[in-house]
There are 2 protein chains.
Amino acid sequence: MNFQNRKRLIVQTVEERGSVEVQELAELLHTSEMTVRRDLVQLAAQGLVYRTRGGAMKVSAVTDAFRFENKAAVNADQKDYICQLAAQTIQEGDILFMDCGSTVFRLCPFIRNRRITVITNSLPVVAELINSSVSVNLVGGEVDKDRQAVHGLIAEEHIARYRANRAFIGVDGISLRKGLTANSEREASTAVAMARQAETTYLLCHSAKLETEKYLYFAPLTLFDILITDNEARPDVVDAYRQAGVTVMN
Amino acid sequence: MNFQNRKRLIVQTVEERGSVEVQELAELLHTSEMTVRRDLVQLAAQGLVYRTRGGAMKVSAVTDAFRFENKAAVNADQKDYICQLAAQTIQEGDILFMDCGSTVFRLCPFIRNRRITVITNSLPVVAELINSSVSVNLVGGEVDKDRQAVHGLIAEEHIARYRANRAFIGVDGISLRKGLTANSEREASTAVAMARQAETTYLLCHSAKLETEKYLYFAPLTLFDILITDNEARPDVVDAYRQAGVTVMN
DNA sequence: CTTCTTTTGTTCAAAAATAAACAATTTCAA
DNA sequence: TTGAAATTGTTTATTTTTGAACAAAAGAAG
């Protein structure tokens with residue numbers, strides 16, 4: 001019994017029975033509990049089952065025809081705080097740019113029920129908003145598998161065709177001395193393209209990223225209009241940014 | 001026993017049994033496990049079987065394992081038959097268009113391991129190929145929530161920028177009298193845009209759709225070059241199409 | 001709040017499968 | 001027939017998977 005077959009049987013069993021325990025599965029598959037657990041970890045990561053203590057449960061929304069992975073779970077509370085602030089600035093009828101940052105992704109649940117248009121290059125964002133009242137415009141071009149997003153020349157041209165009220169973008173590093181820095185050239189240029197076409201650009205930035213620098217410098221602080229960060233940002237750092245003329249929300 | 005015969009027997013065995021182990025195959029074919037592995041590598045590269053550790057599985061078993069309520073799963077066997085034929089026409093390095101038809105979707109598992117580029121407007125196709133060796137180009141524009149795909153003017157312009165070796169498109173209805181018909185204007189115009197930019201256009205069409213007509217006429221039979229259907233198509237119908245000058249694979 | 005039980009994660013060793021290297025065999029053309 | 005190329009089998013090394021043992025974490029019970 002190989003891995004693929006086991007996975008198939010586990011999902012099938014969970015679907016049929018609603019929930020199942022590790023022990024039962026180990027017996028059913030003639031394998032050890034350890035192996036079952038390892039399988040369940042993978043299946044849960046793919047969103048195919050809900051992992052419970054001692055077993056797994058049927059996931060309610062398996063009806064989704066497609067699904068993309070999102071690794072936005074770290075620092076969830078602070079990111080949600082940021083997104084709540086961001087969501088409050090949004091008006092009915094707005095056209096928004098949203099890039100592929102992990103903080104930006106968490107904005108989705110806050111805007112599900114708004115009557116707005118979102119232009120995005122992030123596949124998880126599309127998946128999240130496709131069954132919502134938001135109308136979605138997807139940026140076209142080459143798919144970057146690592147980042148689950150669309151990047152590149154064609155993508156930038158696509159963005160350049162639109163004009164939006166607001167752009168919500170993420171960043172890997174920001175510092176007063178160096179400005180905005182990133183780990184990837186591709187993400188950086190998409191962010192710049194969006195900022196260029198937006199009336200107001202919001203930088204969603206977890207407090208831990210303030211005053212950090214990554215390897216690629218791509219834009220000065222003037223790229224964005226408003227910096228939104230969380231309430232754990234050090235007050236002296238926030239003050240320094242304000243002194244430097246940056247509008248900060250937190 | 002040469003490679004051609006072995007290949008035929010392996011595919012046949014996998015189809016019959018759903019999954020099979022290297023050991024069994026080695027016995028069955030009176031050959032070494034090493035040879036079986038080498039064969040399986042080739043067959044998997046062609047998408048004819050799904051390689052697992054220790055053996056191989058039927059492609060559809062993998063596709064359907066986690067998609068119980070998927071529309072693509074109806075008439076799965078015939079659709080897979082069509083897709084297998086389609087997959088065999090694909091060469092290394094090809095650029096393909098794939099539209100958002102449910103039959104076209106099932107082509108994905110057959111091409112996972114090929115070194116090709118796929119340009120598509122279908123979100124499920126992107127999700128299916130994003131973790132594969134296929135490089136994906138996503139058509140940009142307005143997201144059609146019902147069809148889980150991108151359609152519209154911008155999408156068509158995007159398609160018009162590319163040139164591909166092959167286009168694989170689906171259709172709602174086809175008849176000798178009326179040509180190609182569809183249920184949706186949007187899907188139809190995307191299909192036309194792709195066909196226009198492809199060297200060879202393949203129409204993937206379940207036999208039950210032959211000689212049916214939907215409400216919107218959108219193109220003559222000359223839009224495509226090759227019609228691929230399944231082996232349950234009525235011989236007299238297939239003959240009639242051939243008489244009319246259509247190239248049919250089945 | 002502490003203690004006890006259960007579950008989980010981690011590490012490690014064994015087993016299985018695969019890939020690589022090389023030798024033997026077959027095939028094909030000249 | 002002979003030599004070169006392709007295919008196959010065997011041996012060996014590498015990788016992956018698995019199960020067991022044990023420590024850590026999470027609930028449950030008192």
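To find a chain, count down the sequence lines: A is the first, B the second, and so on, and within it residues start at 1. Just so we're clear, the structure is a prediction, and the values are computed from it rather than from any experiment.
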Let me know the distance between [atom1] of [X] and [atom2] of [N], rounded to the nearest Å.
X	N	atom1	atom2	value
Asn5(B)	dT8(D)	CG	P	11 Å
Leu25(B)	dG9(D)	CG	P	14 Å
Leu40(B)	dA19(C)	CG	C1'	14 Å
Arg37(B)	dT8(D)	CZ	P	15 Å
Glu27(B)	dG9(D)	CD	C1'	17 Å

**Prompt:** How would you list all residue pairs meeting side-chain hydrogen bond (donor to acceptor under 3.5 Å, both in side chains) that involve residues 167-183 of chain A, not counting sequence neighbours?
**Reply:** Ser175(A)-Glu213(A), Arg177(A)-Glu213(A)
**Complete:** The ring-ring contact (aromatic ring centres under 6.0 Å, His included) partners of Tyr202(B) (sequence neighbours excluded) come to Phe168(B)
**Request:** Between protein and nucleotides 10-23 of chain D, map the contacts as a letter string: B base, S sugar-phosphate only, - none, heavy atoms under 4.0 Å, written 5' to 3'.
**Result:** B----BSSBBB---
**Request:** Verify whether one side chain among Tyr215(A) and Glu185(A) offers a donor that lies under 3.5 Å from an acceptor in the other.
**Result:** no
**Prompt:** If you measure only the distance, is there a donor-acceptor pair under 3.5 Å linking the side chains of Asn137(B) and His158(B)?
**Reply:** yes
**Item:** Rounded distance (nearest 0.5 Å) linking atom CE of Met34(B) with atom CZ of Arg38(B)
**Value:**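 Reported to 0.5 Å precision, the distance equals 4.5 Å.
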**Request:** Enter the inter-axis angle for the ends of the helix from dC1(C)-dG30(D) to dA30(C)-dT1(D) (five pairs per end, rounded to 10°).
**Result:**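 The value is 30°.
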**Atom CZ of Arg234(A): over 12 foreign heavy atoms under 6.0 Å** = no
Atom pairs and distances, donor-acceptor, side-chain atoms in residues 113-120 of chain B, under 3.5 Å, two or more places apart:
unit_1: Asn113(B); atom_1: ND2; unit_2: Ala44(B); atom_2: O; d: 3.2
unit_1: Arg114(B); atom_1: NE; unit_2: Ala45(B); atom_2: O; d: 3.4
unit_1: Arg114(B); atom_1: NH1; unit_2: Ala87(B); atom_2: O; d: 3.4
unit_1: Arg114(B); atom_1: NH2; unit_2: Ile90(B); atom_2: O; d: 2.5
unit_1: Thr117(B); atom_1: OG1; unit_2: Ser135(B); atom_2: OG; d: 3.2
unit_1: Thr120(B); atom_1: OG1; unit_2: Met98(B); atom_2: O; d: 2.7
unit_1: Thr120(B); atom_1: OG1; unit_2: Ser122(B); atom_2: N; d: 3.1

**side-chain hydrogen bond (donor to acceptor under 3.5 Å, both in side chains) against Asp225(B), all qualifying residues, sequence neighbours excluded** =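 Partners of Asp225(B) by the side-chain hydrogen bond (donor to acceptor under 3.5 Å, both in side chains) criterion come out as none, since no residue qualifies.
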**Message:** Just N and O in the side chain of Gln23(B): are any of them under 4.0 Å from OP1 or OP2 of dA17(C)?
**Reply:**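 Yes.
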